[in-house]
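Notes for the one structure printed next.
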Amino acid sequence: MTYLFNPRSRRGVHAFRLAAVMTTAVALIAAPAYAQQQAPMLDALVEDGTLPPVEERLPDNPLVVEPVDNVGEYGGTWRSALRGTGDNAWIARTVMYDGLVRYNRAWDEVIPNLAESWEVNDDATQYTFHLREGLKWSDGTPFTSADIAFAVELVQDPDYPVGGTFMTDPGNPMTVEVVDETTFTFTFENPKGLLLDELASVNGSTLVSLQKAYCSQFYPPYNPEAEQMAADEGYEGWAFMMEDKCAWGQETQRWANLDLPFMNAWVVTEPWTGTASRVVFERNPYYWKVDTEGNQLPYIDRLEMRVSESTEEITLMALNGEIDFTDRHIATVANRPIFFDGQEAGDYRLGTEVQSRSTSLVLQLNLNHPDPEMNALFNNRDFRIGLSHALNRQEIIDAVFTSQGEPFQPAPRPESQFYDEEMAKQYTEYDPELAVQHLEAAGLTETNGQGIRLMSNGEPVSIAVDVISALQPEWLDILELMQLQLAEVGIDMEINNIDRTLFYDKRPSLDFDAQVWAGDGGLDVVQEPRYYFPANAESVWAFAWQAWYNGTDPEIAEEPAEWAREQMELYDQLKASGDPAEQERLMVEILDIAKEQFPLVGVSLVPNGYYIAKNNLRNVPDEMKQAWLFPTPAPYDPFQWYFE
């Protein structure tokens with residue numbers, strides 16, 4: 001067991017699909033008696049009175065973390081890189097994963113973190129959390145229930161533009177009650193069966209990263225001068241100032257603010273401004289975790305992240321041994337051979353990452369296309385089946401992925417308890433003759449002089465597919481092969497390589513034929529169902545249907561087809577259930593409908609990825625799961641990594 005606590009067992013119940021709903025409190029094993037130790041870099045600060053002694057900085061019951069291999073050594077700098085000024089995800093994956101609760105390293109259980117225990121009522125409408133006694137922010141001030149209540153109040157303010165996931169769900173309003181300094185209760189209007197999974201994911205950070213004492217100075221209910229302060233500093237209003245000072249946005253924002261306190265293992269000391277060439281984080285002297293011998297974590301003193309617009313530069317840094325750990329931007333299929341060959345010269349090793357994604361590429365035809373002819377064609381199941389049978393997936397796997405992988409549709413991965421081989425493999429057989437039969441069944445019986453099939457209005461079938469090759473270079477390689485293969489059965493496909501901003505901007509207008517992305521939801525099936533039904537704004541294939549479901553974009557929202565409405569009703573029941581078995585049953589029903597309707601076309605099972613780590617970096621597992629909601633490497637506790 002990685003963490004020294006004893007919750008009610010959930011063996012066989014996977015947290016990435018089911019909420020860890022507990023009807024009794026989680027019982028913590030008392031921390032063993034030991035003399036608490038600190039990093040040598042803090043000794044002088046304690047001696048001169050700048051910092052209190054370590055035992056006064058730690059909570060009464062610090063979280064005791066069992067190292068992966070060994071109790072580590074203090075010191076060193078972890079070097080990595082950021083790509084441009086919008087690479088917040090790497091900071092989320094390395095620094096920011098410290099919510100009320102978290103996932104364990106196996107990704108099969110929700111476990112205590114800042115909250116040492118909790119209770120949930122029978123219908124999952126009320127959650128009471130108990131914080132550790134004596135927690136402190138990085139500035140040494142107490143972290144209490146009042147900070148949680150402030151975060152909820154701020155995020156729920158209609159004038160504040162930064163959303164807060166479960167805190168601002170219009171379909172299930174919530175309130176927070178402060179019971180005492182370490183106890184608070186969330187109460188929901190309707191059952192919230194997946195709350196613990198949401199709090200344990202990367203999305204749980206917002207709730208615990210808005211210190212009331214600091215951030216309230218920018219908020220009019222607490223500071224009547226906040227609007228004037230914003231004007232004096234050149235902001236359009238208090239909300240923009242708050243977003244810049246405290247929020248987690250798409251640009252640098254909070255990482256440029258050295259005054260903002262945190263609860264994480266490292267805090268920013270060299271800011272991420274628009275002109276910064278590097279960002280530096282140093283150890284938080286008030287971090288609230290220790291190892292099994294009482295050594296305050298983290299072991300590593302600082303993180304240094306080079307800011308670069310060039311993946312080529314980051315690749316060269318890694319090859320030259322100038323990066324201590326990364327799996328981001330450069331750990332691609334194309335780069336694997338050069339990184340493999342460069343291990344000895346660069347003094348690094350490659351570890352394995354099991355991807356949570358299912359298929360390497362998902363072709364998302366726009367089922368809400370504004371053109372009636374295209375809309376009717378894309379909504380024809382035979383048309384989609386015909387496209388699928390026209391793809392020679394093995395040719396793609398051999399050419400793009402060096403024969404790694406197997407034909408696979410958007411479906412739960414083989415490692416998932418939701419795996420359905422029939423769903424994953426249906427219509428993946430390369431059979432041009434069968435493809436033609438389905439295309440003709442969809443009404444495409446005539447062709448023009450170029451052999452392109454004609455719709456009922458006489459127009460040739462031409463599908464423009466949007467792709468961001470800068471994000472995943474192999475997507476372009478896959479599409480170029482698909483283009484040739486589809487042409488063999490009379491379907492013209494144009495590849496539209498665009499930047500990410502335009503890629504997203506086109507969605508609300510519905511002005512696109514198709515877009516591609518990777519197959520999210522292969523392991524986190526319940527949490528990320530975007531390809532199983534029109535669940536969220538990433539369900540590009542039915543963007544108007546998901547807008548109807550989520551109450552967004554009313555100008556384009558469209559009532560879904562009956563089968564999609566049925567899935568939405570089932571998912572609402574799932575979210576409202578506090579029973580893991582019932583959640584599982586409902587998810588299987590949703591998947592069965594997706595299998596029958598076959599709304600999307602996939603290519604191949606995503607092969608294992610890899611990370612790059614210096615040979616002297618220890619306590620890093622040889623194999624990790626890789627996901628966004630399970631933000632690798634953070635769940636593998638980088639604060640207990642160390643340099644030999």
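Because the structure is a prediction, the values reported are computed rather than measured.
- Side-chain N or O atoms of Tyr348 include one that pairs as donor or acceptor with a backbone N or O of Phe339 at under 3.5 Å.
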Please lay out, stage by stage, how Glu322 and Arg79 fare under the test salt bridge (Lys or Arg N to Asp or Glu O under 4.0 Å).
CA-CA 7 Å; Glu322 298 168 6; Arg79 302 164 299 169; over 6 Å; no
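- A donor-acceptor pair under 3.5 Å is formed between the side chain of Trp78 and the backbone N or O of Phe325.
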Check the pair Gln515, Arg507 against side-chain hydrogen bond (donor to acceptor under 3.5 Å, both in side chains), reporting the backbone distance first and the verdict last.
CA-CA 9 Å; Gln515 292 191 341; Arg507 295 177 177 183; 3.1 Å; yes
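- Between the CZ atom of Phe378 and the CZ atom of Arg384 there is a distance of 10.5 Å, given to the nearest 0.5 Å.
- Of the possible polar contacts, one joining the Ser388 side chain to the Tyr427 backbone as a donor-acceptor pair under 3.5 Å is found.
- The pair Glu313-Arg306 meets the salt-bridge criterion, with a side-chain N (NZ, NE, NH1 or NH2) lying under 4.0 Å from an Asp/Glu carboxylate O.
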Intermediate values then yes/no, side-chain hydrogen bond (donor to acceptor under 3.5 Å, both in side chains), Asn496 and Asp466:
CA-CA 5 Å; Asn496 189 21; Asp466 296 340; 2.8 Å; yes
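- Considering only heavy atoms from C-beta on, Val461 comes within 4.5 Å of Leu444 through its side chain.
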Chi angles and distances behind the side-chain hydrogen bond (donor to acceptor under 3.5 Å, both in side chains) call for Trp255, Asn88
CA-CA 9 Å; Trp255 315 118; Asn88 268 338; 2.7 Å; yes
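- Using a 4.5 Å heavy-atom cutoff, the side chains of Arg278 and Glu304 are in contact.
- The distance from atom CG of Leu481 to atom CG of Leu476, rounded to the nearest 0.5 Å, is 10.0 Å.
- The shortest side-chain heavy-atom distance between Gln343 and Phe340 falls under the 4.5 Å cut-off.
- Judged by distance alone, the side chains of Gln567 and Gln597 never bring a donor and an acceptor atom under 3.5 Å apart.
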Verdict with reasoning, Glu309 to Arg83, per salt bridge (Lys or Arg N to Asp or Glu O under 4.0 Å)
CA-CA 5 Å; Glu309 294 289 347; Arg83 194 176 79 178; over 6 Å; no
Go through the steps for Asp87 and Arg328 under the test salt bridge (Lys or Arg N to Asp or Glu O under 4.0 Å), then give the verdict.
CA-CA 10 Å; Asp87 202 5; Arg328 188 160 174 81; 2.7 Å; yes
Can Val525 and Met587 be said to form a side chain to side chain contact (heavy atoms under 4.5 Å, CB included), step by step?
CA-CA 8 Å; Val525 176; Met587 193 68 221; 3.9 Å; yes
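- In terms of heavy atoms, Trp90 sits closest to Ser80 at NE1-OG, 2.9 Å.
- Asp420 contributes a side-chain N or O that, together with a main-chain N or O of Met423, makes up a donor-acceptor pair within less than 3.5 Å.
- In this structure, Gln409 and Thr428 have side chains that are in contact, with non-hydrogen atoms separated by less than 4.5 Å.
- For the pair Arg500 and Phe503, the NZ or CZ position fails the cation-pi test of under 6.0 Å to the six-membered ring centre and within 45 degrees of the ring normal.
- Remark: the Asn375 side chain and the Asp371 side chain contain no N/O donor-acceptor pair separated by less than 3.5 Å.
- Across every non-hydrogen atom of Met568 and Pro560, the tightest pair is CE-CG, 3.5 Å.
- Under the 3.5 Å distance criterion, with hydrogens and angles disregarded, no donor-acceptor pair is assigned to the side chains of Thr352 and Asn608.
- Taking all atoms of both residues into account, the shortest heavy-atom contact from Val489 to Pro432 is CG1-O, 4.0 Å.
- Here the shortest heavy-atom pairing between Tyr549 and Pro534 reads CD2-O, 3.8 Å.
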Intermediate values then yes/no, side chain to side chain contact (heavy atoms under 4.5 Å, CB included), Val516 and Ile468
CA-CA 8 Å; Val516 298; Ile468 312 171; over 6 Å; no
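- Rounded to the nearest 0.5 Å, atoms CE (Met482) and CG (Leu387) are 8.0 Å apart.
- In Glu344, the CD atom is not crowded: 12 or fewer heavy atoms of neighbouring residues, nucleotides or ligands sit closer than 6.0 Å.
- Interatomic distance, Tyr97 OH to Thr632 OG1, rounded to the nearest 0.5 Å: 9.5 Å.
- At most 12 non-hydrogen atoms from other residues, nucleotides or ligands lie less than 6.0 angstrom from CG of Asp622.
- The CG atom of Leu199 sits 11.0 Å away from atom CG of Leu194, with the distance rounded to the nearest 0.5 Å.
- Across all non-hydrogen atoms, the minimal contact from Phe512 to His369 is O-CD2, 3.4 Å.
- The aromatic rings of Trp517 and Tyr504 lie perpendicular to each other, with more than 60° between the two planes, well past the 30° mark.
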Apply side chain to side chain contact (heavy atoms under 4.5 Å, CB included) to Trp563 and Glu596, showing your working.
CA-CA 10 Å; Trp563 59 268; Glu596 172 62 26; over 6 Å; no
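- Using modelled atom types, one side-chain atom of Tyr636 and one backbone atom of Lys625 make a donor-acceptor pair closer than 3.5 Å.
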Go through it in stages, so that I can follow the logic: the residues are Glu406 and Arg393, the test is salt bridge (Lys or Arg N to Asp or Glu O under 4.0 Å), and I'd like the CA-CA distance, side-chain angles, deciding distance and then a yes or no.
CA-CA 8 Å; Glu406 60 189 71; Arg393 291 173 172 80; over 6 Å; no
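- Using a 4.5 Å cut-off on side-chain heavy atoms (C-beta onward), Val540 and Asn366 make no contact.
- A donor atom on one side chain and an acceptor atom on the other are found under 3.5 Å apart for Asp347 and Asn615.
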Go through it in stages, so that I can follow the logic: the residues are Glu494 and Gln483, the test is side-chain hydrogen bond (donor to acceptor under 3.5 Å, both in side chains), and I'd like the CA-CA distance, side-chain angles, deciding distance and then a yes or no.
CA-CA 7 Å; Glu494 299 177 7; Gln483 185 180 49; over 6 Å; no
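- Judged by distance alone, the side chain of His389 and the main-chain N or O of Glu429 form a donor-acceptor pair under 3.5 Å.
- Of the possible polar contacts, one joining the Lys614 side chain to the Gly346 backbone as a donor-acceptor pair under 3.5 Å is found.
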Check against ring pair (Phe, Tyr, Trp, His ring centres under 6.0 Å), Trp541 and Phe533
CA-CA 10 Å; Trp541 54 280; Phe533 79 99; 8.5 Å; no
Would you check, one step at a time, whether the test side chain to side chain contact (heavy atoms under 4.5 Å, CB included) holds for Ile612 with Arg349?
CA-CA 6 Å; Ile612 301 157; Arg349 65 188 185 277; over 6 Å; no
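- For the atom pair CD of Glu312 and OG1 of Thr315, the computed distance is 6.5 Å after rounding to the nearest 0.5 Å.
- Not one N or O on the side chain of Gln546 forms a donor-acceptor pair closer than 3.5 Å with the backbone of Glu538.
- Of all non-hydrogen atoms in Asn497 and Ser469, the two that sit nearest each other are ND2-OG, 2.7 Å.
- No side-chain heavy atom of Thr359 sits less than 4.5 Å from a side-chain heavy atom of Leu605.
- Between the Ser356 side chain and the Asp524 main chain, no donor and acceptor come within less than 3.5 Å of each other.
- Using modelled atom types, one side-chain atom of Asn619 and one backbone atom of Gln640 make a donor-acceptor pair closer than 3.5 Å.
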